[in-house]
Each structure stands twice: as structure tokens, then as C-alpha cells.
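Here the structure is laid out as C-alpha cells; the discussion comes afterwards.
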Amino acid sequence: RIGLQEDPDILDPHEARTFVGRIVFNALCDKLIDTNEKLEFVPRLATSWTVSDEGKTLTFKLRAGVKFHDGTPFDAAAVKANMERAKDLKTSRRKSEIASITSVEVVDPLTVAFKLSKPDAPLLAQLSDRAGMMLSPASFDKPVGPKPICSGPYTFVERVQNDRIVLERFADHWEKDKYHFDKVTFRTIPDSTVRLANLRSGQLDMLERLAASDVKSAKGDKSLKVDSVVGLGYQGISVNINNGARADTPLGKDKRVRQALSLSIDREALTQVVFEGLFEPTGQPFPSTSPYYDKSFPPPKRDVAKAKALLKEAGVEKFSFEMQVANSPVDQQVAQVIQAMASEAGIDIKLRSSEFATMLKSQTAGDFQATRVGWSGRVDPDGNLHQFVTTGGGINDTKYSNPAVDKELNASRVVYETAARKAHFDAAGKILREDLPIIYLYLPAWIWASSAKLDGFVPNPDGMIRLANVKLK
Amino acid sequence: MAAGGPVSTGDVLAVDDLTIRFDGHGVDLVDGASFRLGRGETLCLVGESGCGKSITALAVMGLLASPPARITRGRALFQGQDLLSMPRKQLADLRGNRLAMIFQEPMTSLNPAFRIGDQIAEAVVRHHSGSQQAARERALDVLRRVRIPAAEKRLDAYPHQLSGGMRQRVMIAMALVNRPDLLIADEPTTALDVTIQAQILALIAELQREAGMAMILVTHDLGVVAEVADRVAVMYAGRFVETGPVDAIFSDPQHPYTLGLIGSLPSLGKREGRLATIAGSVPPPQRFPAGCRFATRCPFADARCASEVPPLVETGTPGHQVACFKAPLEVHVGGLAA
Amino acid sequence: MTAASPAGVSTAGAEALAQRRNRALAKFMSNPTALFGAVLVLTFVVLAVFAHWVAPYDPNKTNFLMLRKAPSAMHWLGTDEIGRDILSRLIHGGIASLYAGVVSVFIALFVGMPIGLVAGWFGGWLDALISRATDALLAVPFLILAIAFAAALGPSLTNAMIAIGLSQVPIFVRLTRGQVLAVKTEDFVEGARAVGVPNRLILLRHITPNIFAPLVVQATLTVATAIIAEASLSFLGLGQQPPAPSWGSMLNTAKNYMDSAPWMSISPGIAIVLVVLGFNLLGDGLRDALDPREQ
Amino acid sequence: MSTPAGSDVILSAQALVKHFGGGRQLLSGRAPLIRAVDGVSFDVRRGETFAIVGESGCGKSTLARLILRLIEPTAGKVEFDGADITAIGEEDMRRLRREMQMIFQDPFSSLNPRMTVGALIAEPLAVHGLASGRERAERVADILRKVGLPPEHAERYPHEFSGGQRQRIGIARALATGPRLVIGDEPVSALDVSIRAQVINLLEDLKAELGLTLILVAHDLAVIRHTSDRIAVMYLGEIVELADRDALFEAPLHPYTHSLIAAIPVPVPGARGARQLLEGDPPSPAAPPPGCRFHTRCPHAEAICKNERPALRALAPGHTVACHLAERLPPAPPAVTTVSASTAKRRRLELFAGARPEPVSATS
Amino acid sequence: MWSLILRRLLVAIPTIFLVMVFVFILQRMLPGDPLLVMAGEERDPAVLEELRKLYGFDRSVPVQFLYWLREIASGNFGSSLRTGAPVTELIGQTLPVTIQLAVASLIIALLIGIPTGVLAAVKKGTWLDYVANAISLSGLSIPNFWLGIILILFVSVNLRWLPASGFVSIFENPVEAFRTTIMPAFVLGSGLAATLMRHTRSAMLEVLRLDYVRTARAKGLLEPAVVLKHALRNALVPIVTLSTLLFGQLLAGAVLTEQVFTIPGFGKLIVDAVFNRDYGVVQGVVLCTAIAFILMNLIADVLYIVINPRLRTA
Ligand SMILES: Nc1ncnc2c1ncn2[C@@H]1O[C@H](COP(=O)(O)OP(=O)(O)OP(=O)(O)O)[C@@H](O)[C@H]1O
Ligand SMILES: Nc1ncnc2c1ncn2[C@@H]1O[C@H](COP(=O)(O)OP(=O)(O)OP(=O)(O)O)[C@@H](O)[C@H]1O
Ligand SMILES: [Mg+2]
Ligand SMILES: [Mg+2]
């Protein structure tokens, strides 16, 4: 019994969007490949994969003897059908992730080749997530969401909206020996205090996203166990650089002002105050565990004097701007701490708290001066950076545009070797640290709490709960 | 049990020096009321609105809400037992049984949620052991006695389905169902039309004659008094100012207030010019004068009246008492005015 | 309008007038629970108004070394999640909450009352239209209404107050209408018509003063609703903007620390309970004091 | 006294009808049709006191309100000074109210509790633009004095007065504009006996002094006899008998009038005894019986009464009655009027009446 | 009676129509875009544009409204943008949950509110009255989520008496249903109990000074019979009708409690839908609450007539 923070949305991997949905899919569906706790790709339904044709063909060898929950055998044709559905379904959310795939060819029943329009390094990472999840092609003629049929270790039993999703062990799973629970129930409990209370009173065996403020008391409870790992995402402040009229602020116009803001914040203290030191201060978008993390750039230290000097240089010794903040208590807490810190450097931050929908809208519409944003993170570094800062990027709400950055980041996409890609990212990172369209603050950690009896859980930076080898003592 | 009643020829009710005060008022709203009532006798309490008629009646029934009301002095002996000091339970056993009361407002005195048959039967069941069925029979019987047409059907009617006159009959039926020895009727006809009032008064008189029951009738209509009373007590501002046999009160009124009341009645005969009036109106209790309470409106009042309380004294007629220093008027002030 | 009295007797008249005015007040003053309510409310109002002088600390001053500390001699009610003094925030936060309560109710009253007057007095299709519309508004869940108004107007305390006020309008429309229908049949209204008073003046002079008492009472009760609603809207980020305190937002933050720092929620919680209690007692007292039957 | 010289009709009601309900009601379904006033005609002469009597619910108040057009008639018309007031516009009617005023039954509910007495009396002056400022204040003081209240009471509120005083305020308000016709809807029935006499005297005095025409609605026959010139007896929305006062009391023609008179309790102890009492209650105006509406309670009813509705017809000059059997009925027993009072009593009464003039202020 | 019901239903039609107009306008007044919210982190302008067309959000608001009206008229309430589930199914899943909760809290509220109200009225002006009043007012002003969390911490975590959250239907497992429902029902009921207590108190005070209570005493009835039979019976008339109205409010008003106890109820559905700008669900749900509200009003009226003999024959 696992407590989730939100209610998952539609249970169709091609349409789904939520983080908690991915947790459920991990028990319900198998994907072509997976990532391990060190963020390396490992085989799942695909036993091996090769890149050829100057990076424009991706060939997967598939696992034999795999069956979907409805008994349909899994083969190359199924992969093709799934990829085509992901591309063609009107309401598909995977389209952009796999946009580079032009066609899928069935080489033989257990070999499938993806033809790409251009080399696409991030694609593998996409396939280790929902884009790589395989549904039974036989289920396509009916809406998938209400009763998804996959090939994962657990089959779908029932779902009560806002309450629970019940799964049950799939007897024909190719790895069934590794899964020890006959039944898995995901329960939606949005309030973290209540979620913890449920764990303590024995209604749950495990929960995701324990509130940092509760860690102390959870750790003090001998019947509980807390796991945590720094995740793939980051939290920061994005500044409206060029998105409409509200970009016209000293902050938006002058990078020295942004640098001053960044310098005025004591990231270490922030994570200590709000997150009990469990989250990591940072100045870049990649997790410290990632091979793309730039070790030469440690988390920036606070320097109020320098911040003041920069402001003076920019001719705005005192100024004020409005920062949009989500209305959750933790976000507000973070924002108020930043506000207090910035004020010491002469920066007056006005907070505007908004509920999620409003915030999103004003963010895309450019109705903001700065926003406290966060990103849940992707396995591939591209996902944490490209679309935010390249010209015309899908989520580039700051409308920051710098050809040099565009060049480096686009280049990073068409090479597959880690070292070569890192060079591109490092180069882009350097420019971004100067320009600061997004001021990175800290890396959130995933915190799980579970009954002390629960054994075998491996924390993974992607925040998922993989049930392989997990059992109750 | 029903055959009870005083064995002796003694009074059914003897009220002595009854005095009532309300919390928050500094005066006695009823001050030293005394009267007695024999078997089959009718006493009328008359007086202006607010003079304390109802609270006197309620006090005798033990129905004055306390707080705010407090009975500070006096006794009310009912067949020898003091109603004012008796335990609540014992009083409740008498109420609705040997002692009954009818109220002024037929429209609101019946519980709108229950059928009238049940409301009457409830009084029977409360005081007599016996089946619900028997009680219902009694209820039907008494409804017939108060001459409610189609009484069987009315048993199951709700109060709102009856006219005011009917409801007052039901109230009477409820009061009489246990054949009480004393009936207190607090302005039972004021809310009714003249034609209905006449019916009801005639009915009460008839039933009283049949049962030999004593009655206190509260009213402010001297016409009614003349019709039904054996004895009359005239109240003004909480005190009895004149009591006596009905003939004496009408033919030989002594107290200036009584005179004013009688004089202010428009006569049914030939028009006789302007009506006599009593100047002003009853002062609110806070401003009751220290002496005779009528002093502020009395054309004959002097310093003594304002400071000294006149006692009730016998006039020439036996049983006729008046509380006025100037009575008889023609003797005390006659010469002065002539 | 008032008839001037000959000079010689005016003092007596004035006395009588003062006495009459004082009667409701005197009655109110002699009612211990109502008085208690008034004192409660007044205390919070005074504290809120003089917050700058009364509060021991700056309500927004953070102290990262004093996070979520239990009540102590230095911080009587403890500190919050980023080291601010809870007592100071409580005192300052009173403004937002009281303001939200009172102002929004005024809005509701002064929008709702005229509409209700018109509906009740004129009747007919106008009444039917207004009644259906209020029914419809009442049928829309309060939260949706408040969120919609607040979100449409943009987040701020003022707009939250307007939103809460507007969402309470139907209640006042209904109440006013009902009262008008009741008062309309009173003899003195017919009397005014018989004397030849035009409609407009009847509404203004005869109806309005006589329906005001129940509306005032309803208003004091709605103040409580509004204070709690402000808390909900704060929770949604549509009310008071951080770091400025309001009891509602304090409570909402505190709820996450119920286990580890219960004092954070206890004091704003008690403050709300006390003020709501105060307003309710005040409302009861007003009802009794203004009720002519009880005089 | 019965027919004043220069008999001149000030008000004329012609076939007035008022039905309540009957329309579709939102909540209670089709409301029963109540025939509150059902074809009433009469003339009121300038300067007389015209009385309307009848049991509760017979339509007296409705008739009074129809006359003043406080409610719209279902049919028929009202002429005031020869002009049809049911046909004029609302604003004209409002202006006309200066001429015709009403005194209400309940002195407790008919005065706005939140206005001072002065404001209440000044209001009609103001809305008719009769006086303003200082002059208005003087007029108010004047009127108050006229009804026997000290002018300084203008500052007080109605609840500070006793019932009798309030009724004086109501009268003052009605008289403020100097009306020619005043309708009193049971103006004294809510008052105590001793107060009642004060108000009756006041009304009579004012009527004489100001030359008013009075229409009095009442159910107390004693009061009516004392004050009225002509009397109309109503039963269930209709006039059953209309006559001069003395004719009505001494030789009533309608059996209902007989029983009304017989039902009055006489304040004479010796007079009690057998009399003809009506049985039953008046039927509901929602379902009036066919034929003569009184036949269900009439001791003399015959077949014709059940079927045919009797018309009002004149049996003597100025004496009309709606009864098929009027000529054949036994005459009413003479009403007992007075007992021979002892000389002592008479002397005392004289002393009492002569001791002090009419009171000016009710408070001492 | 039947014609009354019919007429009330007819009157309800314009009301419901107005509700639909309001909710439509209100929703579009809200800043935010359902598709953006749905997209969450993964918003791609091109995809969004396409979806916008697909869901018809590119059309003008009046056109969308007419379109929706047509769908409703043909019995189609649409489906959730977020989860794709049909709105009727969502309502079907959540409504019974909330009804169970609402019934339970109403029962608790009645069990607490009426006896204390009667007691306070009978003992008016004594300390008992003051205490009952103070407690009920506190019940009214303590925010539900606060009381809820305290109860969970105390009863579930510390004492481990009851489960901290969840929901079991009474038809599935009555014992578990009782265990899961009692706490949230108490939290919800505490506020209602206060309201009921205060109304009972004032209704009783009103009734106790009426003439027929005096009549009952004059019959010699003892005080308990007078209060419980004659007075309470009549005081209950307004209370019963009030209860039905409160019940209607409970359906939409249980949000915060549902959130705290993680009960998959109607209130939660509404709020989630609003926050996600899940237009179809909001519309459907508000329509449903409006109908429930009107139904409850109707039931209140009918009950009023049924339990009030004065009106029964009308
Ligand atoms: N509950 C009460 N509290 C305070 N004063 C009261 C209460 N009940 C009655 N009184 C006062 O007691 C006095 C006598 O009242 P009571 O009802 O006996 O008058 P009454 O003679 O019956 O008048 P009416 O003819 O109007 O019925 C009045 O002044 C009244 O105001
Ligand atoms: N507005 C109204 N709507 C419906 N019925 C009414 C209305 N006004 C009066 N009635 C009914 O019309 C009939 C006559 O009423 P009206 O008030 O004229 O009687 P009344 O003779 O003045 O009686 P009372 O002596 O009681 O004042 C009654 O049955 C009454 O119920
Ligand atoms: Mg009385
Ligand atoms: Mg009348």
C-alpha cells in the first residue's frame, strides 16, 4: 500500500502527464529500457540496442516470451503499433518526445528499427519512460485510460478516482519471481501530514514525497524508515527577459541585476531552513549525480557586498520586482526566505502567490516579472535545459534568446557520446551562468518514508518506486 | 375520585394577601389580593388591561413562570390545601383535574401539531388510569357536551381546521373533561365575535350550573360581568379597589374608578351626550404612586390619597368592600362639587 | 423633517430622546454575554489597529536560527517555520482577517440590500428574475464562486474581500426580500400609503429602517463566515499576499507542522475562534437589544 | 339628525366587489377565491357619521380599504365628490389622499416604530407640500394639541405611549392634511374601556370642530349607537340592512341585525336571561352559501331563502333590508337599556363627570 | 401536494438554466487554461493548439455554451479533460461517498444539536445555557481541517483506534464503514451541530412562550412531557426543514474535510476540477449540486407541509 501525493491522471501512457502516474505505470507497464539508480540505461523489454546510420537508426532486440496482460504476445509488431499510436493519437502527449522518429520497421519478430529524421540523443531517455511503455495493441480500439493493458508485473484491477488504484500480480510476467506482493494499492493522500499519519497508523506501507519538515519526526519513529536521494529536477527563479511588456524591469534588462539577486541568496541556508538540509544547493540545472554536472562550478556562495556593488554598477541600488509563487506552503516559505535574504542586498521582492492554473497561464502569457519555478527533471540532461533556454524552446517562458547557447545545445543533441555532449553543455552552462535567465537555487531530493519492515527498496533519482525485490519482512 | 369536592360548606378557594413581584420591577404587580369563592359561585375579576388580572389567575394555577415572577406573600387555599406552597408534582396532579383553566386566545392555546381529540384525551390519561380508548370516549363525550357539531369527526381534526368559536369550545371541553371543582376562565370570549361570545358565555354558565363548579371569570367587559357574575372584584393597578355582590357593584358603585368604568360605557339607550371618561391612563408599574394607585387619575385625590394606601373597608352592604378614603363620595366631596 | 419643539420644552424632549437612544444600548450593556463578545472583538480591533506599537517584533523579520521554536520568554507564542515571531504576526494578521470579515460583509450588505428591497417591494417579474438569479447563485458552491471572483479580479486582500462579499450577496438579497415581504404587510406601511407617501419614500423611510435590525444581525454572523473564507482563499493564494500575515494564511502554513510545531496552529486557531465567538455573541446581543419585543 | 340639511353625497360606493385569491399561486397552488366584498353600494352624506358593522371577516376592513383605493376593486366604483376615483392614475390618487384619510384599528402596528411622533405627523404635510420648516413644526404642534397631546411629545417615539395616546397620534396623522372624509377602521376596539370613551369623545369633538365626514367601521354596537347617524350591517361581504341609527336599533328588520343586538351583553345585572342566540359560526367567505347568505344560521329561514338571493329593498324611507321575510318577521324584543339608578349612584356619577374637564395629557 | 411539487420543479427550470449560465461565465472568467494545466510540465504549443481545436476551445464562449446545452439536452454530460472519465461516472463514483458522509454527519449533528439545544432553551440564562452556547460557537468557528488533523493525530496515530483516512461504503462492510466514517462525520457534524443547536434553542424559546405550552401545563402535564411532547414537536418543524437544507450544503461543502481524511468525495471532485480548470467536470458537477440544492429545497418544502398539520390540508 503506497501513498501518493496526487491523484494520477489518465492511465494511458500515451496521454498521461503526471509524475504520480509514472509511479503507477512503473508497476503496471514495462518499457523498452529503464534507468538504474546511477542513471544508466538498463534492458527491460529490449535486451540490447544499437545506434547506426550516423545516429539515424536505432535498433532494438526484444525480449522473447513476453506477454501482455490480455495474453497477446509482445513482439516487434506490437512495438510498431505502440509507437505509431504515440505519434498519431490526437490526444497523445508523447508526440514531441518522439518527433524525430519518422518510421518504425519490423525487422523480425524480435527486432525493431526506429528510423530517425536526425540523430536524437535524448530519445533513449524518452524510451526509458512513458514513450517506451508498451500497451497491448489489442486494446487500442477501446479507450485505454479506464483499463490499461500492459505487460508489467502488475495488472490493473480497479481505480476509484481520487482514492485508490488497485493492481494485482501478473502471473505470466517474465520476471515474476522478483515481485513479492500479490496486490498493490496506490492511495491518493494529498496532505503530507495526513499521509504520514496514515503510514504511522498502519494504513500505508510506504509513501512518496515525505515533507522535509516531517523527516525529523519520521526518523525519530523506530517503526519507520526514511530513504532519500537527490532527484533529477531543480528549483530556481526564472526571470522574464523578453516575454511581453512586463519584461521591462532592471531585472529583465540587466544581467548584473540578476547576478546580484543570485548572489544575495544564501542557498545553503535556504535548504537548511526549509528542507532540513536534505536538498542540495546548486547553481546549475543538472543533479550532482549526473555525469553532465559541471564540477568546476560549485554552488554559488552568498556575497551581499558584491551584490550591492553589482547593483550600484547597474545603477539600481534599490529596486523592487514582483515574483510569482505557487500557493503551496513550502513554496511560500522558500519565497519568503528569498525575500528576506534579497532585502538585505537592497532588493525588494513583492510576492504574488497564485494557484497553479493561474500561474501557468501568466507564465506562458508573459504576465510576470519573475517566477519561482521548478522542474521535476529528466534522465537526459537535454530535458532539463534545452527547451527552457533555446530560442523558441517549448517552455522558454523567459523568452531568453542567445544564438551561442542555441548552437551549443542543438549540437549536444546530435552526438551520442557522453564526453562530447558534456563539452557542449559546459559551454552553454558558462554563458547561462553569466546571463542567468534562470537562477538555479537547489536540487530537491525525493524522500520516501516506509514501514521499517519494508525491505529491498532502491531509491532512484528519478523518484519512481520500482517494486522489484521489494518485500515486507 | 370524580365524586370529590369539599365535604364541608367551606370555600372552594380562599386567596389571602396574594402578592406578586417580577424580577426587575420594584413594585408588587399584584398587591395583597384576597378573595374567597364558594361552591358554584362565580367571581368576576374586572379591570383595565395590565392591571394584574391574568397574573393573579395564573398564580393560583401555579403557572406563573418563575423567574421572573415571584410570589412574595400570601396563600391560596384550595379545598384547604395551599396551592402556593405545595410541591410542584402535587400541584400538577391537581391541575387539569380539580382545577382547570381556559385562556383568552383560542387561536393559539391549542397545540397545532396534535389532533384535538388527543389533546383532550391527554388530560384524561394524565389524571386517570385507563385506556386510551376510554379517554377518547370521554373526550368525545365532553365535545358533545360543549355542543360541537359532528363531534366524532372533530376528534380527529387539527386546531387549524376549526373556527375561533369552535376552538374555544374545545378549550372548554379540555378544561371540563375531568369535572373540576374550580374553573378559571381568563377572558375566554374577548377574541370572539359578539354573537359567538354570547354562545360561549351561555354555554359556560350552563355547564357550571350542571356541575356546581366554582368559577373565576376574568374580563374587562362590564356587560359580561353583569350577565354572569355573583360577585365582582374590581382591580386597578394590582390592587383590589372594590369587591362585592354584582348588584351592589352596579347599583351602588363606591370607588371612583368603578364609577369611571360604569360612566364611560356608551349606553344602548338614547344617546346621552358625551361619555364620562377617566382621565389619563394606567401608569406603568415603575410609576405607581405610593399611596392609592388610582390617585394620579382620580378627580378627588388629595395629599393623603397620594401617600397612604387606603384599606379595603366594608360599606353598608354585606360583602361589599371598597378601598377609598373618599367613599361614599357624596358624603366626602359632594358638598364641595355642588 | 423633525418638528422643532418650542424652546421651553426642548430639554425635556431631548432628555427623552437620549433616554430612548440609550435604551437599546443600556439593554446591550446589561447583557453580559453580548458585552463579552463586544469586548473580545474590540480587543482584537485595538490590537490590530495599534499593531505597530503593541507587537514585540517586526512580523516579517526572519531569524533562521530560531526556526519553529516553542513558546518561550522571548517569543511568547513561539516562532514559525522561518523564524518569525508568532505573537507579532498574530497581532498584525488581525488587520487582514478583521478587515476581510467586516469589509466583505459591508459589500454583501450594500449590494444585497438594495436588490432585495427592489425585489420584495415591487414583486412581479422583477422579483421572479431576482429570486431565480439568487437561487441560482446560492446553488453554485460557495468556494467556486469565491475562487472565480477572486481569480478574475486578481490576487490581493482587497479583491479577496470583494470576492467574499459578492459571494455572500445572495444571502442578503434573500433576507432583505423576506423582510420586506413581511414588513410590507404591516399596518404602518399601508398607513403611509393612505397618507399619500410615494413609493420611493415608503421604501426609504418606512421599510428600510424596520428591516435593518435582522440584517445587521445577519451581518455580524456573516463576518465569521467571511473570516473563515479569507482563510480558505489565503490557502489558495487568492488572499493576503506573503509575507504579510493573516490568521488564515498562518493557519494554513501551520497545518503542515501540526505534529512538530503545534503552537504554530494553536494561536491563530484560537484567535479565529475567539473573534468568531465575539462576533456571534455580539450579533446575539444586538438581536436582543434591537428586538422591540424584548424591550 | 338622520338626514342632514342639504343632503349632499360626498362619497358613493357603487356595486363594489373585491375578490381575493383565485389566481395561480406559486407556492400553495390555486388559492381559494375569497369573496371579501361582494356587491356593496351605499352613499355617505357630507357631514354625517356613517357606520359599518358586522362580524369578524365579513369584509368591513376590505370595504374601507376599497373606499380609499388602498386596494384595487375587482368591480364597481367609488365616487368621491362626484368623481370616480377608481379610474384615476396613481399620482392623482396620491394627491387626492389629502382629502380622505384613514385611522387604523391597531394603534400598536399602524405607527412606524422608528419614526418620532413629530416626523409621523409631519410626513403627510411634507408629501403633500402643505407646509415646510418652521410652519410645518407649528402645524404639528397644533395638531398634537388638538388631539390632546402636549406638543413636546413630538420628539418621542410611538412605543413610549399608551394605546390611547397612540390612537390619538394616529388620529392626528389622519387629520394633518385637513381631510374632508375620514374612515376609522375599528378605531377604538383595541382600547380599554376607560380609554375608549376618551377617544370616542375626541372623535366626536373633532368631527364637529372640523366639519368632517366620518365613516366608522366597528363591531361594537354600543359604540356605534353612541356615535353614528346611519348604520350599514354587513354579513359575508354584503350589506343586509341599512338604516338610520334609531330605526335600526329600535325596529331592526333583518334577523341578523336582531341577533346582533340581542348578543350584546348589557351592563345591567338584572337583565340577564333568555334571549335569542344565534347558532353556529359564519360560513367562510370562500364558500358562501347560495341564496340568502344568512340562511344557514337564520331561525326563520324558509325554502326561498336557500335558493334566492334577496335584494336590498327599502321598507321605509331610508331603511333598506335584504331579507325575503322582512315584513313577516316578529318584531325584535325590546332591548333592556338602563336600570333605575339609585340617587346615590347618579349623584356620584355626576360628581365624577363634573369633577374635571377632558384630560389634556395622559401622563401625570 | 403533487401539484406543488410539479410547480416547484417548473420554477426550478429557469434557476437551473441560470446556474448553467453562471457557471459557464464564471469559469471562463478564471485565468488559466485547462489545456495548459493538463499539460503540466510538458507543454508544447503546437500540441496545445491542436488539442484546443479538438476540444472546441477555439470557438467563442456563447457558441461553446450552446454546444454544451445541446449535449446536456441529449443527456451527455461530457467527460473529464484530465482523466477522460465520463462526468456521469465521476459523479456516480463520488456522490454516494459524500452522501454517506453527509448522512452520517447529519445524524451526529442532530444527535448532538437537538438535545443540547433543548437543554439550553429550558435552562435559559443558567450556566448550562452559556456552556452549551460557548461550545457550539467554538464548533462553528474551528476550521474543519484543523479539527480533522488534530483528531487524526490523536485518535489514529497516538491511540490507533480508528483508521486515519480512507473510505468504505456502508453496503460493503458496515463495521469498516463506521470506523472510517465516524471521524470525518464528527468533524463535519460539529459545525452543523452548532448551527442546529442554536436553531433548536431559539425555536424552543420561541415555542416555550406560546400559549399552548401553557395549556399543556394547565392540563397538569409534567415538565418533561410539556417540553418534549408539546414544545419540541413544534420546534422541530423549522429544524427538520433546516436539516434538509444543511444536507444540501454538505454535498458541496465537505471539501476540506474530505481532503483531510482523503475521502474520494464530491467536494474533492469539485475543487480538483476547478483547480485543473476541468471545465466539463466543473459544469457537470455544479449542475448536479444545483439540482441537489433545488431538490433539497423542494424536500424541505414538502417536509414542512408534511410535518406541519396547519399546511397539510392546503
Ligand atoms: N413575564 C412578565 N414580565 C414582566 N412583567 C410582566 C410579565 N407578565 C406580566 N407582566 C406585567 O404584569 C402586569 C399585569 O399583567 P396581566 O397580564 O396580569 O394583566 P391583565 O390584567 O391580565 O391584562 P389584560 O387585560 O391585557 O390581559 C402588567 O403590567 C404586565 O406588564
Ligand atoms: N389580502 C387578502 N388576501 C386574501 N384574503 C383576504 C385578504 N384580506 C382580507 N381577506 C379575507 O377577506 C375576508 C374579509 O376580510 P376583512 O379584513 O375585510 O374582514 P373584517 O370584516 O374587517 O374582519 P375583522 O373584524 O376581523 O377585522 C376575510 O375572510 C379575510 O380573510
Ligand atoms: Mg390578561
Ligand atoms: Mg377588519
Side-chain angles (χ1 to χ4, degrees), chain B residues 48-49 149 163-166 192-199 201-202 220-229 246-247 249-254 256 259-271 274-283 287 296-297 299-300 328-330 333-334 337, chain D residues 55-56 162-165 192-198 200-201 204 219-223 225-227 249 259-260 262-272 275 277-282 335-339 341-342 344-345 347-356 358-359 361-364:
Chain B
E48 254 164 303
S49 177
S163 68
M166 289 287 193
L192 304 174
D193 271 318
V194 262
T195 59
I196 312 294
Q197 162 172 327
Q199 292 171 14
L201 284 176
H220 59 240
D221 186 338
L222 286 178
V224 170
V225 174
E227 300 251 338
V228 301
V246 63
D247 291 323
I249 296 288
F250 278 90
S251 63
D252 183 27
Q254 295 272 354
L259 282 171
L261 280 185
I262 291 175
S264 63
L265 288 176
S267 97
L268 273 177
K270 282 259 183 271
R271 185 163 171 166
R274 295 170 60 80
L275 299 170
T277 60
I278 307 174
S281 55
V282 191
R287 279 192 258 148
T296 53
R297 298 173 75 189
F300 315 112
L329 262 187
E330 64 276 18
V333 290
Chain D
E55 273 173 295
S56 175
S162 69
Q165 288 173 312
D192 256 319
V193 210
S194 72
I195 310 295
R196 187 177 294 183
Q198 293 172 9
I200 291 171
N201 285 348
E204 300 226 292
H219 62 244
D220 183 340
L221 282 176
V223 170
R225 174 149 213 198
H226 182 83
T227 53
F249 276 91
S259 27
L260 263 188
I264 308 169
V266 195
V268 178
R272 67 176 79 172
R275 38 180 199 192
L277 289 184
L278 275 186
E279 286 293 324
D281 298 328
V336 189
T337 50
T338 33
V339 270
S342 69
K345 176 184 174 189
R347 177 76 188 118
R348 283 178 215 148
L349 282 172
E350 273 164 15
L351 274 174
F352 188 85
R356 208 201 263 177
E358 199 67 6
S361 160
T363 40
S364 38

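Here the structure is a predicted model, which is why all the values come from computation and not from measurement. Residue numbers start from 1 in every chain, and the chains themselves are labelled A, B, ... in the order their sequence lines are given, proteins ahead of strands.
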Item to check | Residue B:Gln197 versus chain D: region with a heavy atom under 4.5 Å | outcome: side chain

Item to check | Residue selection (most heavy-atom pairs with chain B, distance under 4.5 Å) from D:Ser56, D:Pro282, D:Gly164, D:Gly163 | outcome: D:Ser56

Next on the checklist: Determine whether a donor-acceptor pair (N or O, by modelled atom type, separation under 3.5 Å) exists between the side chain of D:Asp192 and the backbone of B:Glu48.
Outcome noted: no

Checklist entry - Got D:His219 and B:Val194 here, is their nearest side-chain heavy-atom distance under 4.5 Å? => result no

Checklist entry - Any sub-3.5 Å donor-acceptor pair from D:Arg348's side-chain atoms to B:Leu259's backbone N or O? => result no

Item to check | Pick from B:Gly263, B:Gly165, B:Gly164, B:Gly260 with the largest number of heavy-atom pairs that fall under 4.5 Å of chain D | outcome: B:Gly260

Checklist outcome for this item: Of all heavy-atom pairs linking B:Val224 and D:Pro265, the shortest is N-CB, 3.7 Å

Checklist entry - Does B:Ile278 offer a backbone N or O that forms a donor-acceptor pair with the side chain of D:Gln198 under 3.5 Å? => result yes

